[in-house]
Amino acid sequence: MEKKLTRRNFLAGAGFMGAVMGLGLAGCTSGSPAESAADDSLSATGEGSEAGIEWAREADVVVLGYGAAGAATAIEAADNGASVLIVEKESLPGGSMARCGGAIMGAGTRVQKELGYEDTPDDMYQWIMTCTDGACPDYIARAYADRCGANVDWLEDLSKAHTDQQLFEYARAVGGEGATSGSSGGAGCLDATGCEYEKFGFSKETAAPRTHWATAMPDNTANSGPELFLPLYEAINARAEQIESVFDTKFVRFILDEAGAVIGVEVEGQNGPENIKANKGVMLATGGFCASEEMQQKFVPEAVGKKCYMSDACQGEGILAAMAIGADLAQMSYYYPIAKAQQYHYNVQYNDVFYHWDMDDEGYMEVPEDNMAETHGGVVINDKAQVLNVWGEVIPGLYASGNDVGTNIFGKPGNYPGCGCYVSFAVCFGRIAGAEMAQA
Ligand SMILES: Cc1cc2nc3c(=O)[nH]c(=O)nc-3n(C[C@H](O)[C@H](O)[C@H](O)COP(=O)(O)OP(=O)(O)OC[C@H]3O[C@@H](n4cnc5c(N)ncnc54)[C@H](O)[C@@H]3O)c2cc1C
């Protein structure tokens with residue numbers, strides 16, 4: 001049963017009145033006209049105005065951001081019976097994931113077994129706790145370690161089911177030299193790259209090979225982010241009856257009921273401001289704040305002015321909106337610094353399919369020296385990917401994964417688990433959230 005929402009009890013239930021008031025009541029969408037008519041291609045509620053809210057669209061699960069975390073959430077929610085609406089700010093899907101190096105991390109995968117490497121969730125758990133040096137909560141490391149291997153297999157299964165490409169080549173590049181530089185021959189291989197393993201008593205040769213690089217097809221370019229994202233994209237296309245996507249539509253703020261539960265979102269798209277109802281939950285998967293100078297100034301002043309290699313769409317709007325309803329934050333000053341200049345090279349056939357930025361017509365992207373890669377700060381989640389407020393309580397209806405999350409496996413600057421950890425983390429808690437919301 002839905003509860004009636006009024007301007008007064010919305011504020012009372014927000015659980016963080018100061019933040020909402022501080023926005024000049026901006027969070028109170030009951031006052032906004034949301035005049036746009038419902039798009040015929042999406043289901044309108046037909047309920048008209050409920051306590052001043054006009055719902056233009058609705059779905060069981062509303063996913064904010066069509067990148068790594070958002071795509072994994074959508075598929076998992078759909079496969080657990082939910083209807084899903086993905087809201088994407090850009091005109092194409094993929095976010096940073098579709099332009100990444102092409103690596104996903106996992107322990108106990110089919111690829112590892114086939115190549116004769118013994119690796120277990122417990123080994124991965126120990127590694128995460130060691131290399132993140134106190135920055136990763138125990139419950140996050142455990143939940144991640146238990147699932148990351150199966151998630152690599154899952155992605156490979158999606159690839160087999162929905163693409164005609166082979167995701168992994170089942171070959172190890174010993175040492176994987178060069179793979180961290182962004183211009184590696186790592187595509188297609190399994191290796192141990194990215195981390196300064198020596199700091200923790202390993203070398204690239206002795207560290208467990210957990211970085212799975214997607215194959216770059218059809219031309220063997222150095223980087224295979226598009227190929228790694230392709231299975232997620234095609235799996236979503238294959239579930240068109242359950243998953244709809246809207247592009248050029250920016251998430252703006254959450255809509256709460258009087259108990260403080262997230263029941264929908266306000267977005268800004270071609271029709272102007274619209275409210276979207278989420279019957280089971282909202283997924284925050286907007287990719288962090290790497291590209292926002294304003295947020296850098298606020299949280300990582302030392303990085304102001306540094307070039308960021310993530311998607312320029314990563315402006316932190318999702319984290320700000322979560323702050324406005326009382327979400328707790330963690331590790332906001334941590335990020336992944338890259339000292340050396342890098343060059344990325346992707347197959348250009350994906351240029352009209354996935355979003356890209358800073359790339360020339362031949363698929364090259366130059367990343368200058370001394371740049372800021374991923375931000376590591378964001379909202380606090382529990383092991384079910386539910387967002388917690390500043391008092392450690394669950395904000396009902398709100399879930400998060402990927403670079404919007406601060407309780408992660410990424411560690412302190414200079415200490416990160418290795419190539420593939422970002423996509424792997426995003427997929428892991430995305431899938432957890434998708435299943436949780438569908439079953440809510
Ligand atoms: C060049 C490069 C190389 C990398 N290499 C690797 C690698 O090999 N392995 C690895 O694990 N990681 C790698 N990464 C990092 C990895 O790609 C990201 O950490 C990962 O994609 C984060 O997932 P996400 O879902 O949080 O964000 P994203 O994948 O970026 O998705 C976020 C989505 O949200 C959308 N969005 C943003 N704001 C809004 C809004 N207000 N409303 C609606 N939508 C919004 C964005 O447009 C985007 O589509 C690399 C990144 C880059 C840029």
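Note that the coordinates shown come from a computational prediction; the quantities given were computed from them, not determined experimentally. Atoms within each ligand, like the ligands themselves, are counted from 1 in listed order. We use all heavy atoms of the structure for the numbers below, so side chains are in, but hydrogens, waters and symmetry mates are not.
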Check your understanding: With a 4.0 Å cut-off, would you call Lys250 and Glu88 a salt bridge?
Key ->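 Not counted as a salt bridge, because no side-chain N and carboxylate O are separated by less than 4.0 Å.
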Under 3.5 Å, N or O to N or O, is [X] touching ligand 1 that way?
X	result
Ser401	no
Asn403	yes
Ala69	yes
Met310	no
Gly101	yes
Ser96	yes
Gly102	yes
Cys314	no
Glu374	yes
Glu90	no

Point to revise | Test log, rule salt bridge (Lys or Arg N to Asp or Glu O under 4.0 Å), inputs Lys307 and Asp358 | key: CA-CA 11 Å; Lys307 169 89 179 162; Asp358 280 0; 2.4 Å; yes
For [X], is the nearest heavy atom under 4.0 Å from an atom of ligand 1?
X	value
Gly420	yes
Val87	yes
Met365	yes

Heavy-atom donor-acceptor pair, [X] side chain to [Y] backbone, under 3.5 Å:
X	Y	value
Gln386	Gly397	no
Thr375	Gly288	no
Thr249	Phe247	yes

Where is the nearest protein heavy atom to [atom]: which residue, which atom, and how far?
atom	result
atom 38 (N) of ligand 1	Glu317 OE1, 3.4 Å
atom 43 (C) of ligand 1	Lys89 N, 3.3 Å
atom 9 (N) of ligand 1	Ala103 O, 2.9 Å
atom 32 (C) of ligand 1	Ala285 O, 3.4 Å
atom 31 (O) of ligand 1	Gly67 CA, 3.2 Å
atom 6 (C) of ligand 1	Cys100 CB, 3.4 Å
atom 46 (C) of ligand 1	Glu88 OE2, 3.5 Å
atom 11 (O) of ligand 1	Val423 N, 2.7 Å

Practice item. Taking atom types as modelled, find out whether Thr193 and Asp191 have a side-chain donor-acceptor pair closer than 3.5 angstrom. Key: yes
Revision key, fill the gap. Note: heavy atom closest to atom 23 (O) of ligand 1, options Ala400, Gly194, Ala373, Ala68, belongs to Ala68
Exercise for review: Look at atom 39 (C) of ligand 1 and find which of Thr286, Leu320, Ile338, Thr211 reaches it with the closest heavy atom.
Suggested key: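 It is Thr286 whose heavy atom sits nearest to atom 39 (C) of ligand 1.
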Please work out whether the ring planes of [X] and [Y] are parallel, tilted or perpendicular, with thresholds of 30° and 60°.
X	Y	answer
Trp357	Tyr355	parallel
Tyr336	His376	parallel
Tyr350	Phe354	parallel

Find all atoms of ligand 1 within a distance of less than 4.0 Å from any non-hydrogen atom belonging to [X], and give their numbers and elements.
X	value
Gly65	33 (C), 34 (O), 35 (C), 44 (N)
Lys250	41 (N), 42 (N)
Ala313	37 (C), 38 (N), 46 (C), 47 (O)
Gly402	26 (O)
Tyr344	1 (C), 3 (C)
Phe251	40 (C), 41 (N), 42 (N), 43 (C)
Gly95	30 (O), 48 (C), 49 (O)
Met97	17 (O), 21 (O), 29 (O)

Is it the side chain, the backbone, both or neither of [X] that has a heavy atom closer than 4.0 Å to ligand 1?
X	answer
Tyr346	side chain
Cys421	backbone
Tyr355	neither

Check your understanding: In terms of heavy-atom contacts, does NZ of Lys340 have more than 12 from other residues, nucleotides or ligands at under 6.0 Å?
Key ->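 No, not enclosed.
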Check your understanding: Take atom CD in Gln270; do more than 12 heavy atoms of anything else shown fall under 6.0 Å from it?
Key -> no
**Study point:** Test side chain to side chain donor-acceptor pair (under 3.5 Å) applied to Glu366 - qualifying residues, sequence neighbours left out
**Key:** Gln343
Exercise for review: Examine Tyr422 together with Phe410 and report whether their ring centres are nearer than 6.0 Å.
Suggested key: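 When the ring centroids of Tyr422 and Phe410 are compared, they turn out to be within the sub-6.0 Å range.
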Exercise for review: Report yes if the distance between the aromatic ring centroids of Tyr197 and Trp127 is under 6.0 Å, otherwise no.
Suggested key: yes
Review point. Going by heavy atoms in the side chains, are Ile276 and Val267 under 4.5 Å from each other?
Key: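 SC-SC contact between Ile276 and Val267 confirmed.
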Exercise for review: Evaluate the side chain to side chain donor-acceptor pair (under 3.5 Å) criterion for residues His212 and Arg110: first the C-alpha distance (whole Å), next the side-chain angles of each, then the deciding distance (0.1 Å), finally the verdict.
Suggested key: CA-CA 11 Å; His212 299 67; Arg110 264 197 305 260; over 6 Å; no
**Study point:** Any residue meeting ring-ring contact (aromatic ring centres under 6.0 Å, His included) with Tyr335, in chain and number order, not counting sequence neighbours
**Key:** none
Review point. So is Arg99 actually on top of Tyr346's ring, under 6.0 Å and inside 45° of the axis?
Key: yes
**Study point:** For Ala135 against Lys412, the heavy-atom pair lying closest together
**Key:** CB-CG, 4.1 Å
